[in-house]
Amino acid sequence: MARRPLPRILSNGSAQIARSRELARTAADSATDVLHPLITISRGLRRLATAGRRRWADTPKDKRGPLLFLVAAVVLVVALVPYGPLLAVTSVMAAAAWHGRDRGPAEPEGPDESQTQRLQSLYDALVPYFSTPDDPTPLYVHGGDWEQTFPAYEFDGTGRVSHLVVRYPAYFTDGEADSRARIEQLLHAKSGRGREYHFAWDEEGNELTVTVLPPLPTDIAAQRFVTSPGETVLGFTDPTQVHRTLPLSHGEEQRDVPPVVWRTGPRSTEPHLLVMGEPGSGTTTLLRSIALQALQYGDVLIVDGSGTGEYACLTGRDGVLAVECAPTSAVASLEWASHETERRLITANRARQAGEPLPDDTRRPLWLLLDRPGALAHLAAADGRPDPQSLLQVPLRHGRAANVTVVVAEQFDSADTLSDAVRQHTRARVVLGTASSTQLEAVLGARPHTTPVPVMAPGRGYARLGTGPVHRLQVPATPDPHDDATSDAQRQAVLELLPPRTTPALLVKQEQEQEQEQEPVA
């Protein structure tokens, strides 16, 4: 069936709405200009009436009679004098206009001397990058004027640039990453360090917009996020990057914050996640936050390579299959996870061939969380056992069809221990903590459009889902409740999210398998 064209009201409705808003704004501005004298006189009359009422209230009661007699005499004289009422009305209107004028200090129309000097220094610093000797009408010249190149600018309370629009010549190679990086580094240094800048390149209009980003909130504690099954909140970002907000509770207050949502499941294009960072950057906090969200709909198997007991609060909880720290038990659990993935695939295939719905045990999500598997690789090699990462090939390759999700967290100093399967199949990436541009590009596959700050708060970094944009990220505070340094509010928030303590499901399955092996053959 041929598709019918959309009605004009739907095809060009946005343009008509924008045009209507512009006309309404223009009409409002014109009406304000026309009615400005009337508004001023009305404001003055109100101020005169308020002053008269205040004067009458301050007058003692024994003197109010003579005051009324004096006012009546003045009114009578004005009424008897020729043109008296007209002169009185004119005097009152003049007084109202005088008292109703805008008494605020007039704002300067342009930048002051210090701001002009700062803009001129920015212009002079960009001259070597935006000018060539062969340009007959150069936009940037030594000793030139900055007004033609900076059409919009704003300054903060400290006198530093907070917003700047830079025009550059069309022959500048804005399509090359190295050329962009040089300009961004220069503007970052000249505009003031210690702040994060966002750079938006308009290649068609030959304009660069520089904006100072506010710091991301670090006081968001772990809580139940309003998400659907298959959605995991990695953290929170800028409102200009995503078109969705989540209602969060901060004490007694409620606020909406834009999240970075990672979607998993059979229809996900990024079914597995890789987290990189320095020690103390918050990688374990992110895995703990993911585990608390995953336990709401599925089962979790945790392999803690660091062995510091960061996941002890999850041991024996409902839905937590196991929390492994030793190489032997970690290899055994991952072998079970590999066989479980194969079993799910076979069971789902048989159900589809028979035309039956998938069994519940294949639709329940299974999460494999590995924190620092490189540390276990050395211990396993010393014992002559295989690398635990070698057992992730089946869950990584077929995890999306089997509803199995793998999350790996590793530090930069052990990045060379990551297997090729982990590097190839983890399309969702997160980098936490301080990292160089080379490290960010190596992990994320692209450089962020912001300048990193020298010191980052724990849980602060960048995230990229597949081939999408790079987002600033702040992980919700999910500390270990058994840590003495944890505040009472954050400890209570994590304890409220923990499921009840039960026997691990993996131990139950192992006991059932042992019982089946011990049964005599009839």
Side-chain angles (χ1 to χ4, degrees), residues 264 270-279 281 283-284 286-288 290-291 294 299-312 314-315 320-345 366-432 439 442-445 504 506-507 509-510 513:
T264 57
E270 303 87 19
H272 309 296
L273 175 67
L274 175 62
V275 184
M276 299 293 295
E278 295 290 344
S281 59
T283 56
T284 302
L286 177 56
L287 261 66
R288 195 182 296 111
I290 293 175
D299 299 326
V300 176
L301 174 61
I302 302 175
V303 176
D304 185 9
S306 60
T308 56
E310 293 286 342
Y311 304 94
L314 297 172
T315 304
V320 180
L321 303 182
V323 179
E324 307 293 355
C325 299
T328 304
S329 57
V331 170
S333 299
L334 292 180
E335 286 181 353
W336 173 87
S338 179
H339 295 324
E340 175 66 13
T341 304
E342 295 176 352
R343 184 196 67 82
R344 291 187 174 206
L345 290 175
L366 174 61
W367 291 73
L368 308 179
L369 307 183
L370 286 81
D371 192 355
R372 297 203 63 190
L376 292 178
H378 297 289
L379 299 177
D383 295 340
R385 297 181 179 275
D387 185 0
Q389 295 184 68
S390 62
L391 302 172
L392 295 176
Q393 292 186 4
V394 175
L396 286 171
R397 190 180 302 274
H398 305 286
R400 178 169 54 184
N403 212 356
V404 178
T405 303
V406 179
V407 180
V408 179
E410 192 55 86
Q411 297 180 3
F412 281 114
D413 54 1
S414 303
D416 54 346
T417 61
L418 294 176
S419 63
D420 295 337
V422 173
R423 297 175 182 271
Q424 181 180 359
H425 294 284
T426 52
R427 291 175 49 84
R429 302 290 181 90
V430 173
V431 177
L432 298 179
Q439 291 175 329
V443 178
L444 301 177
L506 182 56
L507 296 180
K509 291 188 176 182
Q510 291 179 354
E513 292 177 358

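The structure displayed is predicted, hence computed values, not measured ones. When a residue number appears, it is its place in the shown sequence, counting from 1.
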R288 side chain vs E310 backbone, donor-acceptor pair below 3.5 Å: yes
Measure from the side-chain N and O atoms of S414 to the backbone N and O of Q411, and report whether any donor-acceptor pair falls under 3.5 Å. no
So, for D304 and S306, which heavy atoms are closest and what is the spacing to 0.1 Å? OD1-OG, 2.7 Å
OG1 on T405 to CG on L273, rounded to 0.5 Å: 10.0 Å
Working to the nearest 0.5 Å, report the span between CG of L274 and CG of L370. 11.0 Å
Going through the checks in order, is the side chain to side chain contact (heavy atoms under 4.5 Å, CB included) test met by T284 and T308? CA-CA 11 Å; T284 302; T308 56; over 6 Å; no
Which residue in the set V300, L369, D371 passes side-chain contact (heavy atoms from CB on, under 4.5 Å) when paired with V407? L369
Tell me if a side-chain donor or acceptor on E410 pairs with a main-chain N or O of G374 at a distance below 3.5 Å. yes
Heavy-atom closest contact (C325 atom, L376 atom, distance): O-CD2, 3.5 Å
For A375 and G305, work out which heavy atoms get closest and say how close. CB-O, 3.6 Å
Given side chains that start at C-beta, do those of Y311 and V320 come closer than 4.5 Å, heavy atoms only? no
Between the main-chain N or O of V443 and the side-chain N or O of R429, is there a donor-acceptor pair closer than 3.5 Å? yes
Tell me the closest heavy-atom pair linking P388 and A377, and the distance in Å. CD-CA, 4.2 Å
Inter-residue atom distance L321.CG - W367.CH2, 0.5 Å rounding: 13.5 Å
May I ask you to test the L334-L392 pair for a side-chain heavy-atom distance under 4.5 Å? yes
L345 versus H398, closest heavy-atom pair with distance: CD1-CB, 3.4 Å
Show the nearest heavy-atom pair for residues P386 and S390, with the distance to one decimal. CB-OG, 4.0 Å
Is there a donor-acceptor pair closer than 3.5 Å between any side-chain N or O of T341 and the backbone N or O of A337? yes
Qualifying residue, where the test is side-chain contact (heavy atoms from CB on, under 4.5 Å) with M276 and the options are L444, L418, V408, V430: L418
OG1 of T426 to CD of E270: how many Å apart, nearest 0.5 Å? 11.0 Å
Would you sort out whether R344 and L366 count as a side chain to side chain contact (heavy atoms under 4.5 Å, CB included), showing the intermediate values? CA-CA 11 Å; R344 291 187 174 206; L366 174 61; 3.7 Å; yes
Would you say that more than 12 heavy atoms from the other residues, nucleotides or ligands in this model lie under 6.0 Å from the CG of D413, or not? yes
Can you measure from CG (L287) to CD1 (I302) and round to the nearest 0.5 angstrom? 8.0 Å
Say you draw a straight line from CD of E340 to OG of S333; how long is it, rounded to the nearest 0.5 Å? 12.5 Å
Verify, without hydrogens or angle tests, whether H272 (side chain) and L396 (backbone) share a donor-acceptor contact under 3.5 angstrom. yes
